[in-house]
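Data first, discussion second: the structure below is written as structure tokens.
Throughout, protein chains are lettered first and strands after them, A, B, ... in sequence-line order, and every chain is numbered starting at 1. The figures here come from the full heavy-atom set of this structure, side chains too, leaving out hydrogens, waters and symmetry mates. The structure presented is a predicted model; accordingly, all values stated were derived computationally and were not measured.
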There are 2 protein chains.
Amino acid sequence: MKSRTGRGGRAGRPGPLSQEAIVTAALRVLDDHGPDQLSMRRLARELSITPMALYHHVRDKHELLLLLLAYKSRSFPRPVLPDEPRERLLAAAQLLHDVLTECPFLDEVLASPDLLAVSALWVMEALLDAAVECGLTLEQAAQTHQAIWHYTVGVLMVRTTSRQHHAELSRPTRREQAFATLPPDTFPRLTSLAGRWAGLTTRDTHREGLQDIVDGLLDQHLAYRGGSA
Amino acid sequence: MKSRTGRGGRAGRPGPLSQEAIVTAALRVLDDHGPDQLSMRRLARELSITPMALYHHVRDKHELLLLLLAYKSRSFPRPVLPDEPRERLLAAAQLLHDVLTECPFLDEVLASPDLLAVSALWVMEALLDAAVECGLTLEQAAQTHQAIWHYTVGVLMVRTTSRQHHAELSRPTRREQAFATLPPDTFPRLTSLAGRWAGLTTRDTHREGLQDIVDGLLDQHLAYRGGSA
DNA sequence: ACCTGAACACCGTTCAAGT
DNA sequence: ACCTGAACACCGTTCAAGT
């Protein structure tokens, strides 16, 4: 049960060991057992090697996750973006979300300043460029990117966490339970929404929110254009 | 070194054990050693008890964190909000952020649908109410809340993660390193921003982003008011 | 150079037993 | 009822040794 014929798990890896072999094994773990199961130890088991053997090819788990992100973003279709700057900005922001949606394993490093995939930088470039062509300064474009980034991180984190919640056990959330037993005189809005809350928050509202947010960011920035230095 | 005089760590707890004693011990751990150090085992050590003793008073770690959130939001000053609905909505959203900023230990459950503190629900109620008084329907108000919530979660997660990064080691991030060595012809915007990136993203842009986002959400929703059913 | 074995320093939590 | 002891099933990673 510990050492098998040859080595290399169920897929039969030929060569010694490489970043490529590690990445493909990791993708296999992700497909078969989900993001939560992807650990250095689990991955080593999949490859029938010692956990420490991995550290000869990747610096740490963070780097492994970045390799996976790089792989995913390389294989992501690169669509033609709209000409109209405002639409292009929205499309780029949507794309940022869509690429990361394919990478649920990123959750533990999503908020890190060390998150980066060169193969995904074109999305960022497109977003900034569109913002500038909308009439923003470079600094304003960077701020717009940052606001969109924060929103995107929030959407992704909340989504995967609520997925986990529903996967593990489909009991009502604490929120719903609390809403149902609230004094209506002090919480009129919340009690009115109590029954509808689950339905309203389970829906995927990323796109709608993004649209409003993008419009807000552009309009506010453009309203003050030329106002200060 | 293992069992001391009496029990109860350095503070000397009198009674048997209670949620209250656990919470104050947890707050002590947080103050002295930071959110990362708050584990059930560490907390038990602080109280000079077995880790399992905790489970007689709180169901699991999640519940402990909610107790801490409840405590923090109870002791949070409850300011008078502006009369003007739009300003009130902004103030409530800002407050949501401010309360959670006092709870960096929440990070691991921030995105959970089971996150709730009754003592913080008035912020949510105020936010929804302000949105309705701005002219939105209840459903639109809920959507607005959700978009603001996602943005807030993103801001908080990114902030604490980047704090951790800087605390551990003040090396340049992968982003900065990559931006410095980018082909300028394919990445003109990013290369122009390369040097300024660190400065622009380290700044706390929550408030500015929030303002633009709130305006965007309200304007977009109000623009279509009465358009559909 | 590439990999193993053993260990370090942790996690949250279940289960059976003690008083 | 309240708490302990031992265990389960894990983590990421360092360090010294093997070939």
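- Remark: A:Glu208 engages A:Arg203 in a salt bridge, criterion side-chain N to carboxylate O under 4.0 Å.
- The CG-P distance, from B:Leu54 to D:dC3, rounds to 10 Å in whole Å.
- Within a 6.0 Å radius of CD in B:Gln177, other residues, nucleotides and ligands contribute more than 12 heavy atoms.
- Side chains of A:His33 and A:Arg42: a donor on one and an acceptor on the other come within 3.5 Å.
- Contact check on A:Glu63 versus B:Arg174 returns a salt bridge, with a Lys/Arg side-chain nitrogen under 4.0 Å from an Asp/Glu carboxylate oxygen.
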So what is the 5' to 3' dot-bracket string for DNA chain C, if pairs are Watson-Crick or G-U wobble with both distances under 3.5 Å, crossing pairs use [ ] and | means the partner sits on another strand?
||.|||||...|||||.||
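- Nucleotides D:dA9 and C:dC8 are separated by 22 Å at their P atoms, to the nearest Å.
- A sub-4.0 Å separation between OP1 or OP2 of D:dC3 and a side-chain N or O of B:His57 is present.
- Cation-pi geometry between A:Arg175 and B:Trp149 is met: under 6.0 angstrom from the ring centre, within 45 degrees of the axis.
- Neither OP1 nor OP2 of C:dT4 sits under 4.0 Å from any side-chain N or O of A:His56.
- Between the side chains of A:Thr160 and A:Asp107, at least one donor N or O lies within less than 3.5 Å of an accepting N or O.
- No more than 12 heavy atoms of other residues, nucleotides or ligands lie within 6.0 Å of OH in B:Tyr71, so this atom counts as exposed by the packing criterion.
- Counting to the nearest Å, the C1' atom of C:dC2 and the CD atom of A:Gln19 are 15 Å from each other.
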What string of B, S and - do you get for nucleotides 8-19 of chain C 5' to 3' if you count protein non-hydrogen atoms under 4.0 Å?
---BBBBB----
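- A:Thr161 and A:Gln164 share no donor-acceptor pair across their side chains, judged by distance under 3.5 Å alone.
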